[in-house]
Amino acid sequence: MTTSSPLYLLAALGALSLAGPAAAQVDTSQWKCTSCPFPKNGVTGSVDVGVIYATDDSPTFGNYTGLDRQGAYLDLGGKGIYRDDDGNWADLVAANLGIDTRWLDIQGGREGLFGLRFGFAEIPRYFAEGARTPFLGNGGNVLTLPGGVGFPAATSPAMPLANTLQPLELGYQAKRYDLSGKWIGQDNFTYRVSLQRDVRDGTKPTSGSFFSTASQLASPVDQTTDQLEAAVSYAAGNLQAALAYQYSQFKNGYSSLSWDNPFNPVVPGAVQGQMALEPDNNFQQIVGSIGYQFMPTLRGSADIAFGWGRQNADYLASTANAVLAPSVPPLPSRSLDGKVNTYNGNVKLTYQPQDNLRVNAAYVWNLRDNETAVQSYPIVSTSMFLNPLPRSNTPFSTTQNLFKLNADYRGPDTWRLNGGIDFNNMDYTYTAVANTFETTVWGRASVQAMENLGLSFNLAYGDRNPSTYGVAYWFPVPENPLSRNYNLAARKRGLAAARGDWTVNDGVSVGFGISYTKDDYDETTIGLQEVDALNLYADLAVTLTEDTRFHFYWQGEKADSRQAGSQTFAAPDWTGSVDDKFNVFGLGVRHNAIPEKLELGADMWFSRGNSNTLVQTGVNEPGYPTNSTARNVVKLYANYKLSDNLWLNGSYWYERYKSEDWALDGVQPDTVWNLLAFGNQSPRYTQNVFRVTLRYSF
């Protein structure tokens with residue numbers, strides 16, 4: 001057996017350096033760097049041009065892919081890189097320019113001096129397949145019914161839907177524009193400015209009711225969110241600091257949605273409904289941070305932020321019912337004049353007394369102070385009835401005090417230990433409890449049990465206890481005194497997890513793991529009582545040959561929840577449970593059929609999900625039908641090198657999706673007598689996508 005060491009290698013290299021003129025005359029002009037980390041000077045890049053063909057229509061498949069219609073799409077993208085000796089640079093990356101998931105990113109500047117960036121991205125969102133409605137004006141904020149054809153009617157089956165239903169596309173396009181710049185100034189200062197605009201345009205589903213009747217409606221989406229950030233940072237020696245101003249503004253092109261009542265009005269004048277849509281608002285914040293290395297073993301940092309949000313959109317009228325309106329008291333003000341201030345801060349110290357031990361301590365303080373004035377409002381139920389008791393708004397506020405202490409210890413041998421304790425105190429206003437206090441203890445351990453086997457373990461336990469649970473008397477209808485909100489109730493939470501990574505040999509590695517979580521609301525009589533979740537997973541990677549690699553993975557999860565309720569405002573008289581199961585597994589292979597010439601690959605994954613809901617009142621009711629989803633995906637691809645700068649890339653994508661939802665399946669627009677529904681069913685599709693692209697590199 002022959003052995004070698006770095007010392008022998010250094011000696012051999014030294015001998016080569018003294019080999020004389022023969023070694024010095026080696027011609028390196030044709031040598032190529034195949035893994036150089038930096039691009040060369042000049043312009044380089046690639047252009048992708050091709051065609052995509054989808055065989056079927058499916059808005060659900062088009063959700064986030066942009067391939068919602070049968071037919072051909074232009075496949076266009078590429079990248080460009082520019083560098084020069086003076087440090088000037090520019091990068092351009094674009095993809096999917098021919099479909100609705102297009103994006104573009106352009107950056108440039110001068111190294112060590114300034115940088116600029118522009119970005120654009122677009123993505124579609126679809127909500128339903130096969131939706132239909134008799135309403136006219138969809139996409140706007142006034143929905144009307146065809147005149148003189150039988151509207152309104154006593155029930156949905158009595159409506160003239162056969163002649164008035166029309167297809168309805170529910171979805172919107174989301175677009176994002178980014179513009180930012182960075183300038184590195186003198187004296188260790190850096191300045192940044194960024195602008196971002198998000199635009200959403202289209203429709204989304206909503207519903208409106210008149211007491212005992214309801215209609216599904218298309219709500220218009222015409223929303224813009226603008227964000228600005230200006231920041232300056234400083235870094236020198238042991239000190240780093242930053243200060244930033246942030247501004248966000250939301251604007252809605254529509255303040256309200258109105259619709260004709262398709263059902264016979266129960267009371268005079270209840271012929272049109274109206275609802276407010278998301279109001280215009282804005283938020284501003286000043287953020288500062290600082291970090292200082294006091295000594296090699298001690299570092300401190302702090303962050304602080306002050307924010308203020310405002311919402312002052314005009315109110316709608318209390319009712320759209322002209323008959324009822326004269327009896328409704330006036331609103332107390334023109335608008336909410338909503339004011340919320342936020343204060344956030346944290347301080348962290350890191351101390352490393354020795355190389356293998358580090359201790360961290362942190363304090364976090366978050367305050368959400370709602371300064372909106374409390375006013376009394378008349379309550380009108382669905383433009384039909386005036387509630388004799390007015391209701392006041394509840395400006396909720398919260399304060400969090402969180403303290404964290406943890407340590408990271410390396411050793412002995414290959415052991416690495418982490419552990420800590422968190423104390424979290426929350427104070428509330430206008431809730432059933434004044435505060436909650438939660439203590440969480442956690443620990444992690446990892447070890448190289450054998451040379452080829454690594455193991456890790458996680459444990460955590462948290463105990464949340466509220467102050468005396470009371471009744472929220474400021475609401476018109478008090479809650480059952482036995483009821484507990486899950487986010488405020490006493491809770492014990494546990495977590496246990498383990499993972500192993502086994503390198504069988506140079507070509508085979510295996511990973512496997514398990515995790516279990518449990519939430520126990522042991523003091524809750526009415527409300528959520530228990531949640532359990534078990535997660536198992538495994539993965540396998542195999543290098544079959546130098547040119548062929550294979551991988552496989554599987555993950556399964558089971559989550560169960562239990563709750564209790566009361567129909568009589570007293571002790572529990574019914575229980576409910578939801579049991580969810582999910583499984584996903586996949587495999588893939590990559591093969592260099594002709595090294596540096598032809599690459600082949602395949603990826604497949606399959607997922608299954610089932611959800612069962614059961615409500616029991618003591619008479620042995622059957623459970624709700626099972627909700628389920630199944631998704632099968634197969635992707636094949638081949639990349640062939642035609643020449644040094646030209647590649648032919650092809651791919652095939654097969655996807656089959658099937659779902660069952662008892663809330664949708666079989667529910668046509670007139671199935672439920674007091675509901676005018678969209679009639680969309682659970683999405684199901686089979687899609688084939690073919691893609692052929694030429695890539696030219698320059």
Side-chain angles (χ1 to χ4, degrees), residues 103-109 114-123 125 172-185 189-202 220-235 240-255 276-291 301-315 333-346 364-373 393 395-400:
W103 62 275
L104 171 71
D105 189 277
I106 303 174
Q107 301 185 55
F114 71 91
L116 298 171
R117 178 183 179 272
F118 171 76
F120 171 79
E122 181 177 5
I123 196 166
R125 179 73 171 94
Y172 58 76
Q173 290 292 121
K175 300 178 182 179
R176 170 169 291 181
Y177 304 85
D178 290 292
L179 181 63
S180 62
K182 180 178 73 172
W183 173 50
I184 301 175
F189 283 96
T190 300
Y191 307 90
R192 294 182 293 108
V193 176
S194 64
L195 297 168
Q196 180 177 292
R197 165 166 283 197
D198 291 298
V199 179
R200 292 164 293 278
D201 182 40
V221 177
D222 181 13
Q223 302 171 354
T224 302
T225 303
D226 293 308
Q227 298 182 71
L228 163 70
E229 181 179 33
V232 57
S233 59
Y234 174 85
Q240 301 83 39
L243 182 66
Y245 168 75
Q246 300 168 344
Y247 178 79
S248 176
Q249 175 181 271
F250 171 82
K251 284 189 172 296
N252 197 339
Y254 296 103
S255 61
L277 301 179
E278 297 86 344
D280 296 353
N281 60 80
N282 66 77
F283 182 78
Q284 302 177 69
Q285 187 169 239
I286 295 175
V287 182
S289 64
I290 188 170
S301 63
D303 299 281
I304 191 169
F306 306 92
W308 54 100
R310 300 293 182 263
Q311 193 273 95
N312 199 31
D314 288 347
Y315 285 136
S333 61
R334 179 187 61 84
S335 65
L336 176 69
D337 192 23
K339 300 177 181 179
V340 175
N341 299 324
T342 61
Y343 306 90
N344 312 96
N346 70 77
V364 179
W365 178 67
N366 294 313
L367 169 62
R368 183 183 186 273
D369 183 16
N370 194 333
E371 295 185 344
T372 305
N393 58 302
F396 298 102
S397 296
T398 60
T399 303
Q400 180 188 37

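As the structure is a computational prediction, the values presented were derived from the model and not from experiment.
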Please report the closest heavy-atom contact between [X] and [Y], naming both atoms and the distance.
X      : Y      : answer
Gln284 : Tyr247 : CG-CD1, 3.1 Å
Asp337 : Thr372 : O-CG2, 4.3 Å
Val340 : Arg368 : CG1-CG, 3.8 Å
Arg117 : Asp178 : NH1-CB, 3.2 Å
Tyr315 : Leu336 : OH-CA, 3.1 Å

Which residues pass the side-chain contact (heavy atoms from CB on, under 4.5 Å) test with Ala241, sequence neighbours left out?
-> Ile290
Applying side-chain contact (heavy atoms from CB on, under 4.5 Å) to Ser301 and not counting sequence neighbours gives Lys348
Taking it one step at a time, do Tyr245 and Ile286 satisfy side chain to side chain contact (heavy atoms under 4.5 Å, CB included)?
-> CA-CA 5 Å; Tyr245 168 75; Ile286 295 175; 4.1 Å; yes
Could you tell me whether the side chain of Ser397 and the main chain of Asn370 form a donor-acceptor pair under 3.5 Å?
-> yes
Donor-acceptor contact present, side-chain Asp280 to main-chain Asn312, <3.5 Å = no
As an exercise, state the distance from [atom1] of [X] to [atom2] of [Y], rounded to the nearest 0.5 Å.
X      : Y      : atom1 : atom2 : answer
Thr224 : Asp198 : OG1   : CG    : 9.0 Å
Leu104 : Phe120 : CG    : CZ    : 8.5 Å
Ile123 : Lys175 : CD1   : NZ    : 13.5 Å
Glu122 : Trp103 : CD    : CH2   : 14.5 Å
Ser180 : Leu195 : OG    : CG    : 8.5 Å

Pair Asn366-Asn344, side-chain donor/acceptor within less than 3.5 Å = yes
For the side-chain contact (heavy atoms from CB on, under 4.5 Å) test, which of Gln196, Arg200, Arg197 pairs with Arg176?
-> Gln196
Please step through side chain to side chain contact (heavy atoms under 4.5 Å, CB included) for the pair Gln249 and Asp226, ending with a clear verdict.
-> CA-CA 5 Å; Gln249 175 181 271; Asp226 293 308; 4.2 Å; yes
Minimum side-chain heavy-atom gap Thr225-Ser248 below 4.5 Å = yes
Under 4.5 Å between any side-chain heavy atoms of Thr399 and Trp365, yes or no?
-> yes
Exactly one candidate in Phe114, Tyr191, Phe189 meets ring-ring contact (aromatic ring centres under 6.0 Å, His included) with Trp183; the answer is Tyr191
Indicate every side-chain donor-acceptor pair of residues 302-311 with a distance under 3.5 Å to a residue at least two apart or in another chain.
{"unit_1": "Arg310", "atom_1": "NH1", "unit_2": "Asn341", "atom_2": "OD1", "d": "3.4"}
{"unit_1": "Gln311", "atom_1": "OE1", "unit_2": "Ala313", "atom_2": "N", "d": "2.8"}

Could you go step by step and tell me if Gln227 and Gln246 meet the side chain to side chain contact (heavy atoms under 4.5 Å, CB included) rule?
-> CA-CA 7 Å; Gln227 298 182 71; Gln246 300 168 344; over 6 Å; no
